[in-house]
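Please read the structure below before turning to the comments.
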2 protein chains.
Amino acid sequence: MATFRALQAASLVEQAYEEIRSAILGGILKPGSAVSEAAIAREMGISRGPLREALRLLEQAGLVVSEPNRGHRVPVFTEEDLEEFASIRLALEGLAIRGALEAADGPERLREIVERMRRASRRGDRAAAVTLDREFHETIVELSGHRRLLTVWNLLRDQIELAVAEISLTYPTLAGRADAHVPLLESMERRDLAGALAALESHIYDSELLQEARRRTGRRDPEPSGGEAEGAGGGAGP
Amino acid sequence: MATFRALQAASLVEQAYEEIRSAILGGILKPGSAVSEAAIAREMGISRGPLREALRLLEQAGLVVSEPNRGHRVPVFTEEDLEEFASIRLALEGLAIRGALEAADGPERLREIVERMRRASRRGDRAAAVTLDREFHETIVELSGHRRLLTVWNLLRDQIELAVAEISLTYPTLAGRADAHVPLLESMERRDLAGALAALESHIYDSELLQEARRRTGRRDPEPSGGEAEGAGGGAGP
DNA sequence: AAGCTGTCAACTGTCGACAGCTTCGGACCG
DNA sequence: CGGTCCGAAGCTGTCGACAGTTGACAGCTT
């Protein structure tokens with residue numbers, strides 16, 4: 001068992017990536033605002049080369065958008081984008097749950113996170129609650145042991161977080177955040193795949209935020225006719 | 001009616017990206033071989049700056065891997081990786097099918113691709129068959145009208161194609177490629193969601209290639225108990 | 001006054017050069 | 001003869017500078 005993990009001099013590209021990423025997610029760089037190479041490079045005291053590479057990566061991750069010769073900006077997301085992200089999340093996390101159900105210590109780890117989340121929202125620590133929310137879902141993906149899935153999910157995560165942050169600026173309070181995870185958690189503790197998928201779906205699709213967003217845009221819930229929770233549909237598995 | 005279409009100077013980064021990408025997918029850069037910045041820059045007659053950016057993008061897309069101060073290489077995939085990709089594909093394309101079923105001209109466009117694929121394999125044009133295979137699945141994703149899904153899928157597509165190309169070097173023939181798409185196509189023509197999902201699952205999971213790969217590694221089919229195709233991905237978006 | 005054209009500042013796109021790290025091969029020593 | 005040390009070569013990581021493009025503004029023409 002290793003005592004120390006390998007240290008690694010983070011390259012300027014990685015450092016710049018992280019710095020800009022957290023500035024965007026932290027709301028320091030506001031949606032729609034320009035992200036100037038030259039200005040940031042000056043501020044960080046590095047040359048533009050590494051910064052350009054970092055920006056290219058951020059662009060591929062969806063945290064900035066760019067126009068040729070016009071520079072980079074923080075993207076502006078709409079409620080429609082949230083719907084798109086929600087459906088992808090549902091597909092990917094649904095896949096993750098299947099794998100996570102086979103991890104012995106899965107429910108235990110998840111329950112602990114929910115507990116911490118509950119404490120955080122009880123003491124009004126909004127930032128911690130958001131972090132724990134992300135950690136909950138990330139843990140499910142990790143528990144699945146699916147390396148590529150984790151990669152893809154990570155790439156989407158930041159983008160989703162940014163979109164949520166933008167939209168949720170208008171709806172300040174998200175009280176029962178922790179409780180929203182309980183049905184999913186309990187299904188997983190029962191090793192109930194179908195139930196967990198259904199719980200995940202309503203957790204993601206029927207979140208306060210999306211509900212509110214739909215209300216604002218005056219759209220109806222998607223698929224009013226089609227079976228919505230057929231979660232464990234075609235049991236045609238081999 | 002405009003007479004001229006907008007011109008756009010393709011940046012060296014994009015050109016280099018495309019060039020290297022097709023060299024990797026085309027097998028000119030072999031799995032495991034080094035991808036040297038300096039050498040390629042010399043060959044292309046450009047400086048290393050744009051090339052580095054292109055390589056960073058390729059890295060994020062999974063077409064090259066890099067170690068700090070050690071340079072870049074074409075990754076070597078295993079049969080296990082194929083399983084991972086298959087499950088992600090299934091989740092994402094399952095989501096795509098829901099949206100694609102609402103596109104009026106969907107089945108028509110897909111049927112035409114299958115026809116061309118059939119003709120291609122009849123005349124032994126392997127390259128065309130592979131391209132059409134990819135086009136078939138890409139069309140499904142496009143038909144869904146889900147922009148983010150298309151982005152994510154595109155990012156994975158190259159990686160999957162590379163993995164398949166590497167593994168399939170050992171199994172040269174893939175005869176009935178076109179026919180493998182027929183059950184899925186027919187389910188979609190009947191607007192049968194459950195059937196289409198099941199067909200997609202067996203198309204992806206029971207492909208000749210994966211079967212053979214499993215045989216070689218001596219592993220059993222994954223998840224002998226659980227249903228695999230009820231892909232979470234609930235109500236499709238608008 | 002309206003529209004077009006010329007100019008300008010700021011920015012991105014690209015380049016060549018230097019510094020540090022890694023690797024490989026040969027010289028040296030036991 | 002084998003192991004170790006050292007230096008050269010090649011590579012990546014980074015930098016500062018130059019060229020090309022863009023959008024805005026001022027000035028001219030009709």
Side-chain angles (χ1 to χ4, degrees), chain A residues 4-21 23-24 28-76, chain B residues 2-21 23-24 28-76:
Chain A
F4 299 105
R5 68 188 170 84
L7 298 182
Q8 190 110 14
S11 74
L12 292 186
V13 177
E14 293 170 48
Q15 293 183 55
Y17 184 99
E18 276 308 316
E19 209 68 23
I20 300 174
R21 169 182 170 277
I24 292 176
I28 297 172
L29 290 176
K30 300 234 178 332
S33 68
V35 181
S36 156
E37 289 179 11
I40 296 181
R42 260 197 310 275
E43 245 178 284
M44 289 188 179
I46 64 176
S47 80
R48 277 178 46 226
L51 205 77
R52 282 177 62 88
E53 296 179 33
L55 282 177
R56 270 250 148 67
L57 292 179
L58 286 165
E59 184 183 355
Q60 198 163 16
L63 284 189
V64 303
V65 295
S66 82
E67 287 172 276
N69 287 316
R70 298 273 331 266
H72 303 255
R73 320 183 69 78
V74 182
V76 179
Chain B
T3 313
F4 300 105
R5 69 188 170 85
L7 300 181
Q8 189 105 15
S11 74
L12 293 185
V13 177
E14 293 170 47
Q15 294 184 55
Y17 184 99
E18 276 309 315
E19 208 68 23
I20 300 174
R21 169 182 170 276
I24 292 177
I28 297 171
L29 290 175
K30 301 234 177 331
S33 68
V35 181
S36 155
E37 288 178 14
I40 296 181
R42 262 197 309 274
E43 246 179 283
M44 289 187 179
I46 64 176
S47 80
R48 280 177 43 227
L51 206 78
R52 282 177 60 89
E53 295 180 32
L55 282 177
R56 268 254 148 66
L57 292 180
L58 286 165
E59 185 182 352
Q60 199 163 17
L63 285 188
V64 303
V65 294
S66 82
E67 288 172 274
N69 286 315
R70 300 270 327 264
H72 302 254
R73 321 183 69 79
V74 182
V76 178

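The figures that follow rest on heavy atoms only: side chains count, while hydrogens, waters and symmetry mates do not. Owing to the predicted nature of the structure, the values given are computational and were not obtained by experimental measurement. Quick note on labels: first sequence line is chain A, next is B, and so on, each numbered from 1.
Looking at residues 37-52 of chain A, you'll see A/E37, A/A38, A/R48, A/R52 sit with a heavy atom under 4.0 Å from some atom of DNA chain C.
One interatomic measurement links the two molecules: CG of A/L55 to P of C/dG13, which rounds to 10 Å at whole-angstrom precision. A/E59 has its CD atom 13 Å from the P atom of C/dT12, to the nearest Å. For B/E67 and C/dT22, the CD to C1' distance is 11 Å, given to the nearest whole Å. The distance between atom CG of B/N69 and atom P of C/dT23, rounded to the nearest whole Å, is 9 Å. Atom-to-atom, CD of B/Q15 to C1' of C/dG13 comes out at 12 Å; the value is rounded to the nearest Å. Note: CD (B/E14) to C1' (C/dG13) measures 12 Å, nearest angstrom.
Across all strands shown, the partner of D/dT29 is C/dA2, judged by Watson-Crick or G-U wobble contacts whose two distances both fall under 3.5 Å.
Residues passing the side chain to side chain donor-acceptor pair (under 3.5 Å) test with B/E37 are B/R48, B/R52, sequence neighbours excluded.
Of the possible donor and acceptor atoms, one in the side chain of A/R73 sits under 3.5 Å from a partner among the backbone N and O of A/G32.
Here the side chains of A/I20 and A/L51 are in contact, with some heavy-atom distance below 4.5 Å.
The side chain of B/R70 places no N or O atom within less than 4.0 Å of a non-bridging phosphate oxygen (OP1 or OP2) of C/dC21.
The existence of a salt bridge linking B/R56 and B/E53 is excluded, since no basic side-chain nitrogen approaches an acidic carboxylate oxygen closer than 4.0 Å.
Environment of CD in B/E59: crowded, with over 12 heavy atoms of neighbouring residues, nucleotides or ligands closer than 6.0 Å.
The shortest heavy-atom contact between A/V64 and A/L55 is CG2-O, 3.8 Å.
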